[in-house]
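Values below: every heavy atom of this structure, side chains too, minus hydrogens, waters and symmetry copies.
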Amino acid sequence: MHLTAKVCIVGGGPAGFYTAQHLVKVSDVSVDIYERLPVPFGLVRFGVAPDHPEVKNVINTFTQTAQHARCSFHGNVRVGKDVTVEELQEAYHAVVLSYGAEGNRTMGVPGEDLAGVYSAKDFVGWYNGLPRNSELRPDLSCETAVILGQGNVALDVARILLSPVDILKKTDITQHALDALAESSVRRVLIVGRRGPLQVACTIKELREMVNLPGTRPEMEASEFEGIAETLKSLARPRKRLTELLLKAAIETPGEEELERRNRAERAWGFRFLRKPLEVLPSTDLIRAAGIRLAVNRLEGDGEGVRAVATGEVEDVECGLVISSIGYKSLLIDPAVPFDARKAIIPNTMGRVQQTAGLYCSGWVKRGPTGVIATTMNDSFDTARTLLQDIGKGTLDVSTVKPGSQGVSALLEKRGVKPVSFSDWEKIDSEETRRGEIKGKPREKMLDVGEMLQVARA
Amino acid sequence: MSCKLIFSWVQRQAKMFFFCIMLFVAHLKRTLVLSLILSEEKVTVYFINRDGRKITTSSAKGDSLLDLVVEQNLDIEGFGACEGTLACSTCHVILDQKVYNQLGPITDEENDMLDLAFGLTDTSRLGCQVCLSRDLEGITVRVPDRVNDMRRSDDTGPTL
């Protein structure tokens, strides 16, 4: 088979796989996916909540792509350390950067480094088995947890903190997280946002899950919803339905059955609006978080232009667990790659990296860290289309013969790096599934890269 | 042998014979009806793909529109990412008003996911929730375009 174009994709998450999926549809394109960890699938494995297994069905289509004759997966390869982007560009006709956002935005307030304060990225990584978060050991011995941010990640964290353990124990949540949650004293979770009810960033499915969460009741201040009901008729359908559900949970008088259910509930959750973190307050021994100081805001402007403005008022909330869920953030992995430090993305036009021929990007590192898997899917298809167009037009030169993965393998061997193939991953997959079956879980994830490599090489 | 004995023997044989004929006819009838029903289970559906091209296809068993796309391996990129579990909106389709009205009520769960679909219309449904029956013979199903925009100008809703 005469291969015209050899493409390299950096990152084995949804962006990488969807970009590959579209590219291999063309018969003279071959794709190699490089991934830092021995295991593929990125945030589908490490981000999607354990109680959302249907969302992970996309793994089936990724597996099909990985098993395609013209696609191959190379895990355990750190681009930027084991091999540089420049070296990849020499070995391939095109390189697509799809490595996502492994950092997070910080609150930038005093006390952020106290024990008991975590980024949502790390907390989610902890209960989802991300190796670098396996030693997090969050302290769940307090009664109140405060989450900053009101997007779906914030709601995932709240839901995992308050879900009955009987539900969680049947999911692929890591055992150590399950054990910690079984011992947890957390009974109240506040989900705090800078702006008002009309600006919550979560979607209705996740809100409905909170409203229906067994053993919990919503606890919110009616005063924070003044004037909201009047706006309903002018809202677009998605925002309208979301706000209606929020109002129902927050201020509507419940029927008899629901009232009884709420009275029996031992755990509570609620949104708090117009609050911005100023400082995490320390305990008397100055080691851990004991509370959070919040600035009270008011809203100015309307529609898209709504802004939160400080009123000067301040409020202290007692809590022992603070989780900031204010956004993931992409990082620079190789100095040869242009990077917009302010927006924390790779500067690009329709997926073509600016000022660098043969370099493309897709997913969060291209657009910023928002959107669901389907958003990334569409975006990845767009980048793949752009790349194919460039081949067709001749702006991407594929006339020279390139060594592709053979060239890279030679470099990696010299450096003592042994990639993990997709069939090696399948050994890890089987073993995790086997361990999970014993406990009635879909899988028990391995937490240690060394262990993953051992099983992969067995 | 007496005439009476012969006559009753003939009567018995005749009864058995006619009984067998009736059994045979009943079997034929049942088979005919079954095959009529089976052939009526096939429903023709016309898809209008994102590029405007029309795809003519038919279902084998009266499954959902998503099942049909998968079984017939139709080239509709990214359709049905969550495999019909109401965890995405990628099987979003637009129906004719009449067909839309024919279908049953929409659950909260389906509406919740429809909220995330780009280009939502008043006759939109998720393909994984539309089950084919004889009443839907010959319908046209439009697969709308997708657009990737992070900042929506009309605040159609939240993002992550």
Atom pair CG (A/Asp379) and CZ (B/Arg146), whose distance is rounded to the nearest 0.5 Å: 11.0 Å
Interchain contact, A/His52 with chain B, by part (heavy-atom threshold 4.5 Å): neither
Partner residues of B/Arg125 under the salt bridge (charged side-chain N to carboxylate O under 4.0 Å, His left out) criterion, sequence neighbours left out: B/Glu110
Among the listed options A/Lys25, A/Glu206, A/Gln21, A/Lys240, the residue most often paired with chain B at heavy-atom distances under 4.5 Å: A/Lys25
Chain A contact residues among residues 79-96 of chain B, heavy-atom distance under 4.5 Å: B/Ala81, B/Cys82, B/Glu83, B/Thr85, B/Leu86, B/Ala87, B/Thr90
Distance-minimising heavy-atom pair for B/Asp108 and A/Arg241: O-NH2, 3.7 Å
Over 12 non-hydrogen atoms of neighbours within 6.0 angstrom of CG in A/Asp302: no
Within 6.0 Å of CZ in A/Arg159, more than 12 heavy atoms from elsewhere: yes
Point-to-point distance, once rounded to the nearest 0.5 Å, from CG of B/Asp145 to CG of A/Asn378: 9.5 Å
Separation of A/Arg208 CZ from B/Asn111 CG (nearest 0.5 Å): 8.5 Å
Proximity breakdown for B/Asp122 and chain A, heavy-atom pairs closer than 4.5 Å: neither
Interchain contact, A/Lys56 with chain B, by part (heavy-atom threshold 4.5 Å): neither
Greater than 12 external heavy atoms within 6.0 Å of A/Arg352's CZ: yes
